[in-house]
Amino acid sequence: QVMQAIDVNRRPESENSADSIVKAIMSVPLLPSAIVSLIKGLDRIGLLPGAIIDASPFHTSLFFTNMASLRTAPVFHHLYAFGTTGTFIALGMTPGERRSFTLNISTDERIASGSTLARAFRFLSHLITHPERLEVPPTEVVSDVR
């Protein structure tokens, strides 16, 4: 499903829901800044419509960017005061090395305690160095959604 969405959005003629919303906002003269302010305000108080949240690339827990596809070093991405993205991961090529990659991670330390973040990143590092672990299903899945 992810690869299908990537393939569709790579086509120059493709238009996704985020594009449609931006075009609609920009088509109203003199109102784009008022509309954007309204959207930011609604987001701040938790009343942003689901259609905008679904279309927004900033309403996700993790944003991944592949700078290696441009054959460049990864960036340290800034965090936004809009949406729910708490972590940006940028993959890039290590300068001067042909087959070496670097990950840069920018995260909002308010999303979890320091010890929890440290454990999560230690586990991520383990998975990156041992990707075969991703092929083994967990012995137990604990749902934390109520």
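Basis for what follows: all heavy atoms, side chains included, without hydrogens, waters or symmetry-related copies.
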Are the side chain of [X] and the backbone N or O of [Y] linked by a donor-acceptor pair below 3.5 Å?
| X | Y | answer |
| --- | --- | --- |
| Ser56 | Phe58 | yes |
| Thr60 | Leu62 | yes |
| Thr129 | Ser125 | yes |

Is [Y] close to [X] at the side-chain level, that is, under 4.5 Å between some pair of heavy atoms?
| X | Y | result |
| --- | --- | --- |
| Ile89 | Thr65 | no |
| Val142 | Glu140 | yes |
| Asp43 | Thr84 | no |

> So, for Ala24 and Ser27, which heavy atoms are closest and what is the spacing to 0.1 Å?
Replying inline: O-OG, 2.7 Å

> Minimum heavy-atom separation for Leu91 to Pro74, with atom names?
Replying inline: C-CB, 3.9 Å

How far does [atom1] of [X] sit from [atom2] of [Y], to the nearest 0.5 angstrom?
| X | Y | atom1 | atom2 | answer |
| --- | --- | --- | --- | --- |
| Leu42 | Ser37 | CG | OG | 11.0 Å |
| Met93 | Asn66 | CE | CG | 10.0 Å |
| His130 | Glu135 | NE2 | CD | 13.5 Å |

Group every Ile, Leu, Val, Met, Phe, Trp and Tyr by side-chain heavy-atom contacts under 4.5 Å, then state whether [X] and [Y] land in the same group.
| X | Y | result |
| --- | --- | --- |
| Ile25 | Ile52 | yes |
| Leu38 | Leu47 | yes |
| Leu127 | Phe64 | no |
| Ile45 | Tyr80 | yes |
| Phe121 | Phe101 | yes |

>> Classify the ring geometry of His126 against Phe123: parallel below 30°, tilted from 30° to 60°, perpendicular beyond 60°.
In response: parallel

> What is the ring orientation for Phe82 with His59, classed by angle as parallel under 30°, tilted 30 to 60°, or perpendicular over 60°?
Replying inline: perpendicular

> With respect to Phe88, which candidate in Val75, Asn104, Ile105, Leu79 satisfies the side-chain contact (heavy atoms from CB on, under 4.5 Å) definition?
Replying inline: Leu79

> Should Asp108 and Thr87 be marked as a side chain to side chain contact (heavy atoms under 4.5 Å, CB included) after you check the CA-CA gap, both sets of side-chain angles, and the distance that decides it?
Replying inline: CA-CA 6 Å; Asp108 186 343; Thr87 303; over 6 Å; no

>> Is a donor from one side chain sitting under 3.5 angstrom from an acceptor on the other, for Thr102 and Thr94?
In response: yes

> For Gln4, does the CD atom have more than 12 heavy-atom neighbours from other residues, nucleotides or ligands under 6.0 Å away?
Replying inline: no

